[in-house]
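All values below were derived from every heavy atom in this structure, side-chain atoms included, with hydrogens, water molecules and symmetry-related copies excluded. Residue numbers start at 1 and run along the sequence shown.
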Amino acid sequence: GIMSRLKVLKYLRSDYKINKDVKKFLRKVGGKNFFMFVNYAGVHEKPLGNKAKNLKELPIEDRKERNIRRFRNRQVNAEEAINNLIKILKKENSFENTLLVITSDHGESLYENASQEFQIDYDIFLEDNTYKGHGFSLYDPEINVPLIFYWKGLKHQLIRETVRTVDIYPTILGILGIRKPKYLDGVDLFNDNISGLESYSEIPYINGDLKCIRTNKHKFIWSDRGHLEIYDIINDPLEKLNLKNDTKLVNFFKNKSMNMLAHFSQKPIEKTEIPEEVKKELIGLGYMKDDWHETKKYYYGFTRWSSSRQN
């Protein structure tokens, strides 16, 4: 509704205003050591869906082209925001001694993959069951993210192996010369052996949380309710041919998934109270609802029609 949209607008400030705050912060710290987390939200935009005025009458490929073009333009704006951030750091004499880490919390589907198992009645899904967005699948376009480390003391190199966001923290520790605690997951990408790393991803879903293990050769996607997809990402990088009938592969990845989840379950969970002001921001951005019942409706409400179609 209008009120929820206003909440989002309150916290989704423009990249220009965010950089103004960056400048204020740097002048406040006055050359002292600092840690700064900058979240540019300019690329977040709901695509023109099926219900947009005069859009449904357009051919499906024209609708896709419009939304992809809008997204690419916002990507350019995000790059410009980062360029301006670097200019601010240089102007404030902070660039030379600053470690920059540029990444994202998720990728974006641009109509590459149709949902293999689910029929979803949601505005962003087109007639061929493809969509522009994120949070609906674990195909590569949604779990691949950029990852750039920049500091004058780092030599230029391109890592072609699989790396994970869980490796960011250990890598920062390595650059700073701090020993990684034994309990910490992830590896130092510049000093540890990174050959054959496996990534784990998950999203909440009506048919049980979707989970994914990605190796350098295969992708295994499954849920607690029987959903199963396996792809040979070397010979099938677009993830079109589901190998779920390959018994040998299925058994291999089922054992691997059990071991990985057992490892996660051994990690101690510390409960932390979230300050009320932070809660308001998370609710405004759509990451939280006022209670768990509302949160479940937020994640699962759009799939009621799909679950009835599968019965």
Side-chain angles (χ1 to χ4, degrees), residues 5-46 68-108 110 134 142-159 163-178 180 186 188-191 274-288:
R5 179 60 180 161
L6 287 176
K7 286 181 182 178
V8 172
L9 289 175
K10 177 181 177 182
Y11 297 107
L12 284 183
R13 296 173 302 136
S14 71
D15 296 343
Y16 171 76
K17 289 183 178 179
I18 290 172
N19 276 343
K20 286 185 67 175
D21 287 346
V22 167
K23 189 181 297 184
K24 290 179 183 178
F25 173 79
L26 290 174
R27 289 178 177 175
K28 185 177 179 180
V29 298
K32 298 178 182 177
N33 291 344
F34 66 87
F35 169 81
M36 182 169 55
F37 173 77
V38 183
N39 183 20
Y40 296 116
V43 292
H44 286 77
E45 179 189 48
K46 185 178 179 182
I68 292 173
R69 189 166 60 244
R70 283 157 59 96
F71 181 73
R72 296 301 186 201
N73 288 338
R74 286 180 170 265
Q75 281 184 308
V76 172
N77 293 340
E79 290 177 8
E80 184 63 23
I82 294 172
N83 285 332
N84 288 333
L85 169 67
I86 292 172
K87 289 177 183 178
I88 292 170
L89 287 168
K90 289 180 176 179
K91 188 174 182 180
E92 299 298 325
N93 297 317
S94 298
F95 183 69
E96 286 297 312
N97 292 316
T98 297
L99 168 65
L100 287 175
V101 183
I102 302 172
T103 189
S104 177
D105 55 341
H106 56 75
E108 191 80 353
L110 297 175
H134 56 268
E142 291 188 51
I143 65 172
N144 279 345
V145 298
L147 180 55
I148 300 172
F149 291 87
Y150 178 84
W151 178 56
K152 66 177 182 180
L154 295 176
K155 66 178 182 179
H156 179 268
Q157 60 178 304
L158 175 63
I159 297 176
V163 299
R164 301 83 50 93
T165 52
V166 74
D167 301 320
I168 294 175
Y169 185 25
T171 303
I172 292 174
L173 292 180
I175 293 171
L176 298 177
I178 301 173
K180 181 189 117 175
D188 180 343
L189 296 176
F190 299 132
N191 296 302
I274 302 176
E276 287 301 316
E277 184 57 32
V278 176
K279 282 184 181 179
K280 289 179 182 179
E281 292 189 18
L282 292 173
I283 291 170
L285 291 167
Y287 293 125
M288 281 184 67

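Put simply, CG on Leu26 and OG on Ser94 are 5.0 Å apart, with the number rounded to the nearest 0.5 Å. To the nearest 0.5 Å, atom CG of residue Asp167 and atom CG of residue Asp188 are 9.0 Å apart. Leu99 contributes atom CG, which lies 6.5 Å from atom CG of Leu154 (distance to the nearest 0.5 angstrom). Taking CD of Glu108 as the reference point, atom CZ of Phe71 lies at 4.5 Å (rounded to 0.5 Å). In this structure, OG in Ser104 is found 11.0 Å from CG in Asn144, a value given to the nearest 0.5 Å.
Considering only heavy atoms from C-beta on, Tyr40 comes within 4.5 Å of Ile82 through its side chain. Residues Ile18 and Val38 have side chains in contact (heavy-atom distance under 4.5 Å, counting atoms from C-beta outward). With contacts defined as side-chain heavy-atom distances shorter than 4.5 Å, the pair Leu147/Ile102 does not qualify. Taking 4.5 Å as the limit, some side-chain heavy atom of Phe149 sits within range of a side-chain heavy atom of Thr171. Annotation: side chain of Ile148 is not in contact with side chain of Val101 (no heavy-atom distance under 4.5 Å). Taking 4.5 Å as the limit, every side-chain heavy atom of Val145 sits out of range of all side-chain heavy atoms of Asp105. In this structure the side chain of Ile86 reaches within 4.5 angstrom of the side chain of Phe95, judged on heavy atoms. Side-chain atoms of His106 and Glu142, non-hydrogen and from C-beta on, never get closer than 4.5 Å to each other.
Taking the side-chain contact (heavy atoms from CB on, under 4.5 Å) definition, one finds that Lys23 meets it with Arg27, Ile88, Glu92, sequence neighbours left out. Judged as a side-chain contact (heavy atoms from CB on, under 4.5 Å), and not counting sequence neighbours, the contacts of Phe35 are Phe37. Under the rule for a side-chain contact (heavy atoms from CB on, under 4.5 Å), the partners of Gln157 that lie at least two apart in sequence or sit in another chain are Lys155, Ile159, Phe190.
A 6.0 Å sphere centred on OH of Tyr16 holds no more than 12 heavy atoms belonging to other residues, nucleotides or ligands.
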What's the verdict on side chain to side chain contact (heavy atoms under 4.5 Å, CB included) for Lys152 and Asn97, showing C-alpha distance, side-chain angles and the deciding distance? CA-CA 7 Å; Lys152 66 177 182 180; Asn97 292 316; 3.4 Å; yes
Working note: Leu85 + Val22, criterion side chain to side chain contact (heavy atoms under 4.5 Å, CB included); need CA distance, chi angles, decisive distance, verdict. CA-CA 8 Å; Leu85 169 67; Val22 167; 3.6 Å; yes
Mind running side chain to side chain contact (heavy atoms under 4.5 Å, CB included) on Thr98 and Tyr150 for me, showing each step along the way? CA-CA 8 Å; Thr98 297; Tyr150 178 84; over 6 Å; no
Before you tell me yes or no, could you show the steps for Leu110 and Arg72 under side chain to side chain contact (heavy atoms under 4.5 Å, CB included), namely the whole-Å CA-CA distance, both residues' side-chain angles and the distance that decides it to 0.1 Å? CA-CA 10 Å; Leu110 297 175; Arg72 296 301 186 201; 3.4 Å; yes
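Between Thr103 and Pro146, the closest heavy-atom pair is OG1-O, 2.8 Å. For the residue pair Asn77 and Asp15, the shortest heavy atom distance occurs at O-OD2, 4.3 Å. Looking at every heavy atom in both residues, Pro170 comes nearest to Lys180 through CB-CD, 3.8 Å. Closest heavy-atom contact between Trp151 and Glu96: NE1-O, 3.8 Å.
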